[in-house]
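Please read the structure below before turning to the comments.
Computed from heavy atoms alone, side chains included, the values below leave out hydrogens, waters and symmetry copies.
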Amino acid sequence: MHKNFLTLLCGAMTLIVPLELQAANDLPPSAKIELGESEEVCSDFTSPKWRDAQVIDGVEIQESRLCNPDNPAEIAAFVKGTNNISMSTLMDTQLAADSIIKTNDVDGDGDPDHIIIKLEIVELNGHSPDSTELTTQFDIAPGVQPTFWVFAPKTRDMSTLSLYEPQANALLRVPSPTIRVEEGDTVWLVVENTHHMPHSLHLHGVDHPYMDHSGSGNDGVGQTSAMDIMPGESKTYVIKPRQAGSFYYHCHVQPHTHIPMGLQGIFVVEENRPNNWLQTFNVGNGQVRHPSVAVQEKYAREYDLHYQSADKELHELARSANDPRLLAQKLNMEYDVTDATDDYFMLNGRSFPYTLRESLIEMQPNQKVKLRILNGHTEALGVHIHGHRPMITHYDGIDNGPGSYIMRDVHTMVPAQRIDLELDGTDDGLHSFGEGVWMMHDHVEKSFTTNGIGEGGDISLVVYKDFLDEKGIPKMQGWTLAPYFTKEFWQGKYPLWQDYDKWRSLGLPDARGYKAPLPSPPQMMLEGPSDSFSSTTTDSEKSFIGDLFSGLILGILAYMAIVRREDIFALYHKLVKKPA
């Protein structure tokens, strides 16, 4: 029985081995895909002096080690108001002279209590009737340019860097800026509709009256409050908020399309303190370089984090025509949001790797940092910060007391929800695991892709100061970032793992001009040169029949060797013992 089993096993192996050898020899070589032109991770986008702590027109501006920090002159204007800064400072910005007006210290506590804020509505990556190129361009990643509509501070001069550089100037960008006011201030929000669609402004969660003093609607909802703001018109919303917290503002016209198009932002009401000059705008979000007095009482730094997503179909429809009537038809009648699938995921208007330039969280040991987070996605998100367990102190702008504070490593947020997090650098294995470069992202896995390609999306980092280089880029321990800074990678043309090893074993197979190897000599002998056989069988049939015959012959030889093994061993010993 054992003899028969061994015989069958050897025969089967001799049938299989030629087939396996043939399959292994049929693999094509690995292709070598050339890397496209890679941007510098951080070139000299801005003056290095912008990163330094400084004082402009009496405004103290914190250090920012980011690659692409905010313009300090604009921060001074946001704090003092464009009416209270020097002309030289104003000229170092692109703000209109009436962009932010701050007056009237009504309560005598050293800061203004009447604030006028002017907003425009701007289109990014749109089309002009006289050009086929995208106008006022804004990249969320290399070569990735969805169309957006955004609220922006009122500006002067050009919307682009120059006549020859189509990139949007720094004040016109995604997301719409965070707006800060103080509780008890009288605030006029003037929205000038410079766009080709009707719009409005709804103060989500912010204390505001239903009607203003003139009897006009003040809630920003066309059906219940006031008519929408038509192109070329303006509307003033009046508030005097009585409660501090992290809130939200957005357009309430066709909100299923206008909010995902970018007309949304964080709205912060700060606690009242003496001499509390606030940074009214935080353009691009990220670090607040002039935090409020109340924030500085508890935290070393403060960051605004706005998560957004975008459906590629919607954002391409928005630039598919130059006639507003056709756009209204496409967006309001043909686009079906219930079939929408988000393709782009952003943190503060950028996707990885551009998040490394603007949206890093700088940490230092034993310091606390405040994070205000808005879920501007169309779906729920799960904020996860590696190496830390931050604590929620506020839900939707409300502090329910220390008994409601929750420490965890994944914080779930539904759309439009806000949370305030306390990020603590105490290295105790609970608050922090120690210094390093720690990833931060939405843990819904598709959120760290860009148009389906990873890793991208809203990935950013929490970086301890000793791990930042002189340009504000983390000192990575892993592989090169160069592929992420090419357009080809985000076009799906470059295999990220191609150069992991010298054999490029995880690259792409190169089938161009590839021919399978010729059959081995034993197979050729077995198949023979018969013309009739060749004319009636395919190459695959020849290969199979040849393998079958060679397997049978080898199996017979193996069988004979086993049956006559005693004679073979006797002959072997006789030859070995035979004298030389």
| field | Whether Thr426 side chain and Asp428 backbone form a donor-acceptor pair below 3.5 Å | value | no
| query | Is there a donor in the side chain of Asp442 and an acceptor in the side chain of Ser447, or the other way round, less than 3.5 Å apart? | reply | yes
| query | Taking atom CG of Asn218 and atom OG1 of Thr236, what is their separation to the nearest 0.5 Å? | reply | 9.5 Å
| task | Verify the ring-centre separation between Phe148 and His315: is it less than 6.0 angstrom? | result | yes
| said: Checking the side chain of His199 only, and the main-chain atoms of Phe151 only, is there a donor and an acceptor separated by less than 3.5 Å? | reply: no
| task | Measure across Asp92 and Ala73 and return the closest heavy-atom pair with its distance rounded to 0.1 Å. | result | CB-CB, 3.6 Å
| task | Would you kindly say whether His204 and Gln264 are connected by a side-chain donor-acceptor distance under 3.5 Å? | result | no
| task | Give the minimum heavy-atom separation between Gly425 and Tyr464, together with the two atoms involved. | result | CA-OH, 3.6 Å
| query | Can Asp52 and Arg65 be counted as an ion pair, charged N to O under 4.0 angstrom? | reply | yes
| task | Using modelled atom types only, decide if a donor and an acceptor are shared between the side chain of Thr450 and the backbone of Gly457 within a distance under 3.5 Å. | result | yes
| query | Would you say the side chains of Lys118 and Ser234 form a donor-acceptor pair under 3.5 Å? | reply | no
| query | Would you say the side-chain atoms of Arg372 and Ser246 include a donor-acceptor pair closer than 3.5 Å? | reply | yes
| message | If the condition is disulfide (SG to SG under 2.5 Å), which residues does Cys67 pass it with, not counting sequence neighbours? | response | Cys42
| Donor-acceptor contact below 3.5 Å, side chain Ser176 vs main chain Gly262 | yes
| task | Establish, from distance only, whether the side-chain atoms of Asp424 and His388 form a donor-acceptor pair under 3.5 Å. | result | no
| Option among Ile373, Asn285, Asn282 that satisfies the side-chain contact (heavy atoms from CB on, under 4.5 Å) test with His306 | Asn285
| request: Go through the structure and list residues passing side-chain hydrogen bond (donor to acceptor under 3.5 Å, both in side chains) with Gln243, not counting sequence neighbours. | output: none
| said: Quick one: does any side-chain atom of Ser432 pair with a main-chain N or O of Asp427 as donor and acceptor, under 3.5 Å? | reply: no
| task | Give the intermediate values and the outcome of side-chain hydrogen bond (donor to acceptor under 3.5 Å, both in side chains) for residues Asp342 and Thr378. | result | CA-CA 8 Å; Asp342 288 334; Thr378 59; 2.5 Å; yes
| field | side chain to side chain contact (heavy atoms under 4.5 Å, CB included) against Ile453, all qualifying residues, sequence neighbours excluded | value | Phe489, Trp490
| When the ring planes of Phe485 and Tyr354 are compared, do they come out parallel, tilted or perpendicular, using 30° and 60° as the limits? | tilted
| Would you say the side-chain atoms of Glu183 pair up with the backbone N or O of Asn272, donor to acceptor, closer than 3.5 Å? | yes
| Ion pair Glu435/Lys475, N-O distance below 4.0 Å | no
| Do Thr155 and Asn169 get their side chains close enough for a donor-acceptor pair, meaning under 3.5 Å? | no
| Side chains of Ser214 and Ser216: do they bring a donor and an acceptor to under 3.5 Å? | no
| said: Is it true that, when you exclude Glu60 itself, more than 12 heavy atoms of the residues, nucleotides or ligands shown sit nearer than 6.0 Å to its CD? | reply: no
| note | Looking only at heavy atoms, the pair that brings Leu278 and Ser292 closest together is CD2-CB, 3.6 Å
| Under the criterion side-chain contact (heavy atoms from CB on, under 4.5 Å), which of Asp311, Asp458, Asn451 is the partner of Tyr344? | Asn451
| Can the ring centres of His443 and His441 be said to be less than 6.0 Å apart? | yes
| Main-chain N/O of Gly429 paired with Arg389 side-chain donor or acceptor, under 3.5 Å | yes
| query | Is the Phe352 to Tyr484 ring centre distance short of 6.0 Å? | reply | yes
| message | Using a strict threshold of under 4.0 Å (side-chain N to carboxylate O), is an ion pair present between Glu358 and Arg350? | response | yes
| message | Given 3.5 Å as the limit, does a donor-acceptor pair link the side chain of Arg273 with the main chain of Val293, or not? | response | no
| Taking atom types as modelled and ignoring hydrogens, do the side chains of Thr89 and Lys80 form a donor-acceptor contact shorter than 3.5 angstrom? | no
| Below 6.0 angstrom between ring centroids: does that apply to His258 and His250? | no
